[in-house]
Amino acid sequence: MKLIITEKNQTAKRIAQVLSDGKARREGGPRSTLYAFKLDGEDVKCLGLRGHIMKVDFPPEFRQWQDVEPRELVDAEILKVPSEKTLVSAVKKLAKSADKIVIATDYDREGELIGADVASLIRDVNPRAEIKRARFSSLTPTEIKKAFSSLEEIDEGLARAGEARQDIDLIWGAALTRFISLATTRLGQRFLSVGRVQSPTLALVVQRENEIQSFIPEDYWQVKARLKSDGEEFVATHKTERFDSQEKAKRAYEKVKGKGVIVSAQVRKRKIAPPSPFNTTAFIAAASALRVSPARAMELAENLYSRGYISYPRVDNTVYPSTLSIRSVLKSISSADVVGELALELLGKDSYKPTRGKTTATDHPPIYPTDSARKEELTPTEWKIYELVVRRFLATISDPAEAESMRLDIDINGEPFVAKGDVIKEEGFLRYYPYFRKKDEELPALKEGDEVRVLEGIIEKKQTQPPPRYTEGKLIEKMEEEGLGTKSTRHIIVQNLIERGYIYGSPLRPSETGIAVASALERHATHVTTPEMTARLEMDMDAIVERERTLEGVIEESRVMLKEILEGMEEKKSQISQEIRNGIRGDMVLGVCPSCGGEIRIRKAKKTGKRFAGCGNYPECETLYPLPQSGGVLATGEICEQCGTPKVRIINKGRKPWELCLDPNCPRKNRYEAGKASRKKSGKN
DNA sequence: GCAAGGTC
């Protein structure tokens, strides 16, 4: 028997179908990922895994955080243990009766590692089996057949590179997480985490907040003129866009009366290029702009993918492969509600020139629709995401939009003014992808020498603005730019930072704890807070692939570095502990006491150990409120309009953070309960 | 109970 192992069910199904010309059958229950068929008289089985089926961990004697010094983890043995037990035993069972094994996991570093892990499991139970590797970068019949007719060997170098990543992440993550958690005695559920990707990401949010806090706004003045010509009104702005003093602005403003003369009128045609195909990050950014959070957008996309509506959503590539037939994609979506008609329109074209993005990768095709959906088959949010994917696809194969921009230079009593207009003349792709379309700004058709009437002058005081906080989508884009995380993990990393209480809100801000952890790490373990740690690791991994370095060498070097860092931190332990505890204490302040003006803080009842919110002026002030006993509690800085108590945010793992005011008898609560009940009824949306 | 990486 020949056994084929793939990384996921969908791939197993596809490969089995292609190699058997559609004759493969699923074996076992409805949740099974095993497909069986015959090929040239030989029995073939194809098993789909669920990503990694093995994980790395320390031996049991290192499990108790309080009993182990974090630095002991640096040299501790690292074990590989099954993380998907049923799949591990399925592999073993099947491998016993197989003489040929083909590893057909994804063609990337992690895929090679998954494959090598499986191969070593198989060698344990069946040392005589021949193990080969199939490599393909798309799931077209030609590519699959080619891969299986020219089998290769497992690339041990690539697999070792993956192992280096795994080991280094565990060693650094575990040792530093335990160090700061132990130093601050934040143990149990609410430990403080550190990691190669999460810590630099936290640092990004903290740095942005620092820029905002240290930003000194400068006053400036703007002068505008409301003008009229032939019954049409429009606004022109003084050419000096920012006057640095009120006097100067006033001098210009005082001349804004009577008439203006058009000094020049320029009309320019401008093309607006259609957007590039969706990779994960671009998709997340677009969904984020439509107010679907990254984690939710990915959850919805994965669900649509497993039901056959869209292609694989975890992808770096932004260029459609030449093997993707645009015409058949259009046909497959032509009976969809709403967007099907749009697809039919584009089916009339003779040829297609899809746009291309910056990233050419061979992992998967960019995200595109694979089937027609009806509105009643999907929840409203699923539909929103499906429609977005379809419309983006249609946009990538349609024409540029054409805009006409107009600029009028106007002289008003010697003061120069400018009016700008922008009007879409040809819709092009905007017909299919209207999401971020700007409103037309029209100007009257004036020419040089024409006169306009001044209706009024406007003088406005403004201030320079600090850079904006990151939205989740923008943060994920920034992570990609900095090389942090992967298409599959970035949204999870951001969600983890939120669940840990490090960052919160929309747009994102760091909590006091987040700021304190980031600054302590920046001072004492700089390496782990910068994207360079990842960049360096990537280089070392490349060197392992090229056999220029060994896995052992790379890890040893990393261990030496971490040991030094931990030694330094050990010396400054009490200082680090103090700093972070100050941050934690900062987050304990929930707001202002409505009866005495003191601080409402999170406290613990001495007898029961239960937490509650109470006034810092106790016993003079006895104000206290109950708190939910599970989840994180964070201040929002806002007070309830109804009852005047501070509003807090409750963070629970795996759930969307929610807000409530502290007063359990607030009249708003009834409304909240009603809202909750109706949400429950309508399902997940 | 630590990380980050796969996949559901």
Practice prompt. Using a heavy-atom cut-off of under 4.0 Å over every strand shown, decide if A/F62 touches base, sugar-phosphate, or nothing.
Written response: nothing
Does a side-chain N or O from A/R109 land closer than 4.0 Å to OP1 or OP2 of B/dA4, or not? no
Quiz item: Can you check whether A/Y305 has a side-chain N or O nearer than 4.0 Å to OP1 or OP2 of B/dT7?
Solution: no
What residues 544-568 of chain A contributes to the DNA chain B interface at heavy-atom separation below 4.0 Å is none
Separation of B/dA4 atom C1' from A/I78 atom CD1, nearest Å, is 13 Å
Residues 176-201 of chain A vs salt bridge (charged side-chain N to carboxylate O under 4.0 Å, His left out), sequence neighbours excluded, gives A/D169-A/R196
Rounded to the nearest 0.5 Å, the CZ atom of A/R307 sits from the CG atom of A/L378 at a distance of 5.5 Å
> What do the steps show when you test A/I180 against A/L176 for side chain to side chain contact (heavy atoms under 4.5 Å, CB included), and what is the final call?
Replying inline: CA-CA 6 Å; A/I180 63 163; A/L176 289 170; over 6 Å; no
Exercise for review: Decide yes or no for A/T550 and A/R160: does some side-chain heavy atom of the first lie under 4.5 Å from some side-chain heavy atom of the second?
Suggested key: no
Contacts satisfying salt bridge (charged side-chain N to carboxylate O under 4.0 Å, His left out) that involve residues 103-113 of chain A (not counting sequence neighbours) are A/K8-A/D106, A/R109-A/E538, A/E110-A/R165, A/E112-A/R133, A/E112-A/R135
Q: Consider only side-chain N and O atoms of A/E477 and A/Y470, and report whether a donor and an acceptor are under 3.5 Å apart.
A: no
A/H52 meets the ring pair (Phe, Tyr, Trp, His ring centres under 6.0 Å) criterion, sequence neighbours left out, with none
Reckon A/V56 touches a base, only the sugar-phosphate, or nothing at all at heavy-atom distances under 4.0 Å? base
For this session: Please check the phosphate of B/dC2 (OP1 and OP2 only) for any side-chain N or O of A/S181 closer than 4.0 Å.
Result: no
Heavy-atom nearest nucleotide on DNA chain B taken for A/V194 and for A/L49; more 5' hit belongs to A/V194
In short, salt bridge (charged side-chain N to carboxylate O under 4.0 Å, His left out) pairs touching residues 25-36 of chain A with sequence neighbours left out are A/E27-A/K45
Could you tell me whether A/R63 sits above the aromatic face of A/F58, with NZ or CZ closer than 6.0 angstrom to the six-membered ring centre and within 45 degrees of the axis?
-> no
Sequence neighbours excluded, the answer for ring pair (Phe, Tyr, Trp, His ring centres under 6.0 Å) partners of A/F191 is A/W65
To the nearest angstrom, the CE-P distance between A/M298 and B/dT7 comes to 10 Å
Expected list for residues 183-191 of chain A near DNA chain B, using heavy atoms below 4.0 Å, is A/L187, A/G188, A/F191
### Task
Check every strand shown and say whether A/G195 touches a base, only sugar-phosphate, or nothing at a heavy-atom separation below 4.0 Å.
sugar-phosphate
For A/Y305, the ring pair (Phe, Tyr, Trp, His ring centres under 6.0 Å) test, sequence neighbours excluded, returns A/Y312
With sequence neighbours left out, the residues meeting salt bridge (Lys or Arg N to Asp or Glu O under 4.0 Å) with A/K573 are A/E570
Of the candidates B/dG6, B/dC2, B/dG1, the side chain of A/Q64 sits closest to B/dG1
Atom CD of A/E112 and atom P of B/dG6 are separated, to the nearest Å, by 14 Å
Taking B/dT7, B/dA4, B/dC2 as options, the one with an atom nearest any side-chain atom of A/Q198 is B/dA4
To the nearest angstrom, the CG-C1' distance between A/L176 and B/dA4 comes to 14 Å
Problem set entry | Donor-acceptor pair (no angle test) under 3.5 Å: A/N303 side chain, B/dC8 base | no
**Asked** When we call it a touch if two heavy atoms are under 4.0 Å apart, what does A/R178 touch: a base, just sugar-phosphate, or nothing?
**Response** base
Under a 4.0 Å heavy-atom cutoff, the residues of residues 476-492 of chain A touching DNA chain B are A/G485, A/T486, A/S488, A/T489
*Is A/R165 touching bases, backbone alone, or none of the nucleic acid, heavy atoms closer than 4.0 Å?*
base
A/M54 CE to B/dG6 C1', in whole Å, measures 14 Å
Closest of B/dC8, B/dG1, B/dG6 to the A/W65 side chain is B/dG1
In whole angstroms, the gap separating P of B/dG1 from CZ of A/F58 amounts to 15 Å
By side-chain hydrogen bond (donor to acceptor under 3.5 Å, both in side chains), A/R611 pairs with (sequence neighbours left out) none
query: Across the strands shown, which category fits A/Q166 at heavy-atom distances under 4.0 angstrom: base, sugar-phosphate, nothing?
result: base
From the candidates B/dC2, B/dA3, B/dA4, the one with an atom nearest any side-chain atom of A/V197 is B/dA4
A/D67 atom CG is separated from B/dG1 atom P, nearest whole Å, by 15 Å
* For B/dG6, does OP1 or OP2 lie under 4.0 Å from any side-chain N or O of A/R50? -> no
Whole-Å distance, A/I114 CD1 to B/dG5 C1', equals 8 Å
Heavy atoms under 4.0 Å, any strand shown: does A/W172 hit a base, just sugar-phosphate, or nothing?
nothing
DNA chain B nearest-nucleotide lookup for A/D106 and A/L170: closer to the 5′ end is A/L170
Here the ring pair (Phe, Tyr, Trp, His ring centres under 6.0 Å) pairs for residues 532-581 of chain A, sequence neighbours left out, are none
Quiz item: At under 4.0 Å between heavy atoms, what does A/E84 touch on the DNA or RNA strands: base, sugar-phosphate, or nothing?
Solution: base
